[in-house]
Number of protein chains: 2
Amino acid sequence: MVAVGDFCGEESIRRAWDEFCDFLRKTRARLTQSRRIIFCRAMARPDHFRADDLANELAFGQDRVSRATVYHTLALMVKAGFIHTLRDQNKHVHYERAYGQTRHEHMICDQCGRFIEFDMPEASRLITERCEELGFQKRTYRLAVFGVCRQCAK
Amino acid sequence: MVAVGDFCGEESIRRAWDEFCDFLRKTRARLTQSRRIIFCRAMARPDHFRADDLANELAFGQDRVSRATVYHTLALMVKAGFIHTLRDQNKHVHYERAYGQTRHEHMICDQCGRFIEFDMPEASRLITERCEELGFQKRTYRLAVFGVCRQCAK
DNA sequence: ATTACTGCAAAGCATTTGCAAATGC
DNA sequence: GCATTTGCAAATGCTTTGCAGTAAT
């Protein structure tokens, strides 16, 4: 059983966790300590993180959770829509918080690997049009620009 | 030494191979039999193929080339701009011919994995604008739409 | 009590690498 | 002849899986 007071600090994360609990109940999955720990740590990350990093971070200490469970739970969180996956130029999967965020695209620096977010609202409309023309049922799309960021260009 | 007559059928491939030879000479790399075989087979593929598949195809027979060499050569071809990489929903890398092709984007079917090409010329301009605003030096970009294709939707 | 979840360690698996032999220049 | 490339097999490295034990409902 997950203690009621056991959420993870920030208020928005608490709300997110409550919604994730709804998702879990709806899918007859269980509310576990491990899931709460992983969920909160993942949601608290401000940047684009990798499953592996999070797993390493959670491999020791009192809140320790196994590598396998981290991977499982992140996949659940993607399914529930709380995080998104991205891929960097080295084909590694990165996650980013989706809950409470607006749609944005990414520029990825070839040199430092940094992710720079930018908006391109027009893309969505254009893509929707093309999908309708071609009878393709869009689920989502990814737009990534590769190159060199301002800092690295200096 | 690579025999002069030893190109690979199609005329456009022959021209491409000649250009690849220029590239190789320019970078002081060698014109080898293995490279010719891999280059021609890769260029002849009409669809989106995987290194692994090509390596398997070339693992037997008189034109056999090792797996490692296939991977190496495809990387060279990407560097030289004759093929592009794409990633499918299962994080596998696919290659597609770039030589003689115009820019296009992809819809990738969640169910059958098919790649559907479509044009979205406006994207390029919009992206260039954003990159200028943000001081990002664009090298290339990838736009992929995920969902269900017309056939699978039936 | 039942069923799902967790942790562990092993398996996967496409890709990369180290090194000796072969080949192009 | 010298440097690059090739082939082989082993290593890599992230991710997934099988299974036995543990926890949630």
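Chain A is the first sequence line, chain B the second, and so forth, proteins listed ahead of strands; every chain is numbered from 1.
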Can you tell which of C/dG7, C/dC25, D/dT15 lies closest to the side chain of A/Ser66?
C/dG7

Taking only the side-chain nitrogens and oxygens of A/Thr32, find out if one of them lies under 4.0 Å from OP1 or OP2 of D/dA24.
no

Phosphate oxygens OP1/OP2 of C/dT6: is one of them under 4.0 Å from a side-chain N or O of A/Ser34?
yes

N/O (side chain, B/Tyr71) to phosphate O (OP1/OP2, C/dT16) under 4.0 Å:
no

Tell me which nucleotide among D/dT25, C/dT15, D/dT17 gets nearest to the side chain of B/Arg67.
C/dT15

Given C/dA14, D/dC14, C/dT15, the nucleotide with the shortest approach to the side chain of A/His92:
D/dC14

Does NZ or CZ of B/Arg103 lie under 6.0 Å from the centre of the six-membered ring of B/Tyr141, at an angle within 45° of the ring axis?
yes

Intermediate values then yes/no, side chain to side chain contact (heavy atoms under 4.5 Å, CB included), B/Tyr99 and B/Ile83
CA-CA 7 Å; B/Tyr99 180 85; B/Ile83 52 177; over 6 Å; no

With sugar-phosphate meaning primed atoms plus P, OP1 and OP2, does A/Arg64 contact a base, only sugar-phosphate, or nothing at under 4.0 Å between heavy atoms?
sugar-phosphate

Confirm from the modelled atom types if A/Arg30 and C/dT3 form a donor-acceptor pair under 3.5 Å, side chain to base only.
yes

Rounded to whole angstroms, how far apart are CG on B/Asp63 and C1' on D/dT6?
15 Å

Could you check whether the side chain of B/Arg50 and the base of C/dA14 have a donor-acceptor pair of N or O atoms closer than 3.5 Å, going by distance alone?
no

Does any non-hydrogen side-chain atom of A/Phe82 lie less than 4.5 Å from one of A/Met43?
yes

What contact category does B/His72 fall into here, base, sugar-phosphate, or nothing, at under 4.0 angstrom with non-hydrogen atoms?
base

Roughly how many Å is it from CG in B/Asp53 to P in C/dC13, rounded to a whole number?
14 Å

Take atom OH of B/Tyr95 and atom P of C/dT15, then tell me their distance rounded to the nearest Å.
7 Å

Taking any strand in view, what nucleotide pairs with C/dG12 in a Watson-Crick or G-U wobble way, both distances under 3.5 Å?
D/dC14

B/Leu74 CG - D/dT5 C1' separation (whole Å):
15 Å

Starting at atom CZ of B/Arg36, determine the distance to atom P of C/dG24, rounded to an integer number of angstrom.
11 Å

Which part of the nucleic acid, if any, lies within reach of B/Arg35 when heavy atoms closer than 4.0 Å are counted: base, sugar-phosphate only, or nothing?
sugar-phosphate

Do the side chains of A/Ser34 and A/Thr73 get nearer than 4.5 Å, heavy atoms only?
no

Using whole Å, what does the distance between atom C1' of nucleotide D/dT4 and atom CZ of B/Arg25 come to?
16 Å

Winner on side-chain proximity to A/Asp52, out of D/dT25, D/dT15, C/dG24, is D/dT15

Partner of A/His48 under side chain to side chain donor-acceptor pair (under 3.5 Å), chosen from A/His94, A/Arg97, A/His106:
A/His106

Let me know the distance between CD of A/Gln33 and C1' of D/dA24, rounded to the nearest Å.
11 Å

